[in-house]
Amino acid sequence: MSTIGNNYLEVKKRVEQAAIKCGKNPEDVTLIAVSKTKGVDEIKQAVEAGAHILGENKVQEIQAKYDALPGVEWHLIGHLQTNKVKYIVDKVKMIHSLDSLKLAQEISKRCTAAGVTMDVLIEVNIGAEESKSGVKPEEAEALCLEASKLPGIHVKGLMTVAPIVENPQDARVYFRKMNKLFVDIKAKNYDNIDMVYLSMGMTHDFEVAIEEGANMVRVGTAIFGARNYTL
Ligand SMILES: *Cc1c(COP(=O)(O)O)cnc(C)c1O
């Protein structure tokens, strides 16, 4: 087994153990292998070990790798510009980064034209950080509702990138806030909003995220190693 394959299995095991620890069925926590900046050969090693959902934060990277990796499910997890939506509606299963009505309208328009329905998560900037995309927590419900009324879009939950902290335990407070938002919106049973996925937790903090309610984690570095952005 390749190093990347072993890493994937190791992370998968940690995800399952974290799920079991808090009384969840390990199958109910979805692991997304974040393959941004990585080449097809590296990604194939993870796929051979069982990775079947890949996360990318750039449209161009999905376009570049798509044909070489048949049979996997792609999730767009990074900021999406409206002018790029048209390139991915037929390629991705889920967009985790819906953060404006304008983007929702463009996704709706393109998906309706293509005859598909896109699963989306509303991205929340839970730490209210200047540098991060995502809506403010108090705006999340309104965007869920607006998006839910558009054809071609299915609101499936919330996503966040928690603030970077030295000790992963310090991210717990943010994950807890996200879970509260998630549960509150879910309890309202709005039409065409299915609050099923809470996407949070990365290499540094995915176990804490699972303990606080995440059922989708996005892990890159722990599987593929450090990224080299200068390549
Ligand atoms: C890069 C990225 C990840 C994965 O980060 P790691 O720390 O490498 O696990 C998860 N989510 C988003 C949105 C990312 O851009």
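In this chain, numbering begins with 1 at the start of the sequence shown. In each ligand, atom 1 is the first atom listed, and ligand 1 is the first ligand listed. Basis for what follows: all heavy atoms, side chains included, without hydrogens, waters or symmetry-related copies. Owing to the predicted nature of the structure, the values given are computational and were not obtained by experimental measurement.
Taking 4.0 Å as the cut-off between side-chain N and carboxylate O, K65 and E61 count as a salt-bridged pair.
At a cut-off of 3.5 Å, with distance as the only test, no side-chain donor of Y87 or Q60 sits close to an acceptor on the other residue. Side-chain contact, E123 with T160: no donor N or O sits under 3.5 Å from an acceptor N or O.
Proximity of K36 to ligand 1, defined as any heavy-atom pair under 4.0 Å, is confined to the side chain (atoms from C-beta onward). Under 4.0 Å from ligand 1, heavy atoms of T203 appear from its side chain as well as its backbone.
Counting the atoms of ligand 1 from 1 in the order shown, those under 4.0 Å from a heavy atom of V161 are 13 (C). Ligand-side atoms of ligand 1 in range of V219: 9 (O), range being under 4.0 angstrom from any heavy atom. For ligand 1, the atoms closer than 4.0 angstrom to any heavy atom of N57 are 15 (O).
At the top of the distance list for atom 5 (O) of ligand 1, counting protein heavy atoms only, stands M202 CE, 3.4 Å. At the top of the distance list for atom 13 (C) of ligand 1, counting protein heavy atoms only, stands I77 O, 3.5 Å. Atom 8 (O) of ligand 1 has T221 OG1, 2.5 Å as its closest protein atom, hydrogens excluded (heavy atom only).
No more than 12 heavy-atom neighbours from other residues, nucleotides or ligands sit within 6.0 angstrom of CD on E27.
Distances from atom 11 (N) of ligand 1 to the heavy atoms of K132, R227, R218 put R218 nearest.
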Taking distance alone, no hydrogens or angles, what donor-acceptor pairs closer than 3.5 Å link side-chain atoms of residues 101-108 to residues at least two apart or in another chain?
residue, atom, partner, partner atom, Å
E106, OE2, R110, NE, 2.8
S108, OG, P151, O, 2.6

Would you be so kind as to tabulate the donor-acceptor pairs closer than 3.5 Å made by side chains of residues 8-22, with sequence neighbours excluded?
residue, atom, partner, partner atom, Å
R14, NE, E207, OE2, 3.0
R14, NH2, E207, OE1, 3.0
K21, NZ, E211, OE2, 3.3

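Looking at every heavy atom in both residues, L76 comes nearest to N57 through CD2-C, 4.1 Å.
For the pair G220 and ligand 1, the shortest N or O to N or O distance falls below 3.5 Å.
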